[in-house]
> 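Please read through the structure below; I'll follow up with questions.
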Amino acid sequence: VGAPATRQVAQHYSDPHDFQFPTVADTSGDILYYFDAASTPGNIIVDGTNMRIATIIQGANVDAIERELGKLDGDAECQRP
């Protein structure tokens with residue numbers, strides 16, 4: 001927090017969680033100009049049938065994420081920490 005991430009930091013976070021999607025790191029720290037710490041993570045829900053963005057949810061709101069995923073296929077479950 002407070003310093004730009006590195007590729008290694010992103011990998012250190014994503015590997016133990018076995019992410020099956022690309023993970024990026026804002027190595028320049030530019031995102032700090034647009035969002036505060038409460039805004040992250042940014043969750044972009046994509047409809048896989050047409051590859052369009054269904055919704056964007058800022059913050060770690062698992063219930064909202066599950067609700068939006070459920071609208072797409074009716075079978076959504078997020079892993080809670």
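The structure displayed is predicted, hence computed values, not measured ones.
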> Just checking Phe19: does its CZ atom have more than 12 heavy atoms from other residues, nucleotides or ligands closer to it than 6.0 angstrom?
yes
> What residues, two or more places apart in sequence or in another chain, satisfy side chain to side chain donor-acceptor pair (under 3.5 Å) together with Asp18?
Gln20
> What's the separation between atom OG1 in Thr55 and atom CZ in Arg67, rounded to the nearest 0.5 Å?
10.0 Å
> How far apart are the closest heavy atoms of Gln58 and Asn43, and which atoms are they?
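Heavy-atom minimum between the residues: OE1-N, 4.2 Å.
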> Apply the hydrophobic cluster definition, ILVMFWY joined by side-chain contacts under 4.5 Å directly or through others, and give me every member besides Val9.
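Noted: Val9 shares its cluster with no other residue.
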> In terms of hydrophobic clusters joined by side-chain contacts under 4.5 Å, are Ile56 and Met51 together?
yes
> To check you understand the geometry: which heavy-atom pair defines the closest contact between Ala10 and Thr23, and what is its length?
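Taking Ala10 first and Thr23 second, the nearest heavy atoms are CB-CG2, 4.1 Å.
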> Look up atom CD in Glu66 and atom NZ in Lys71, then write down how far apart they are to the nearest 0.5 Å.
13.5 Å
> Would you name the heavy atoms of Thr27 and Arg7 that are closest together and state the gap between them?
CG2-N, 4.5 Å
> Could I get the full list of side chain to side chain donor-acceptor pair (under 3.5 Å) partners for Asp47, not counting sequence neighbours?
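So Asp47 forms a side chain to side chain donor-acceptor pair (under 3.5 Å) with Thr49.
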> Is it true that Ile44 and Ile65 fall in one hydrophobic cluster, defined by side-chain heavy atoms closer than 4.5 Å?
no
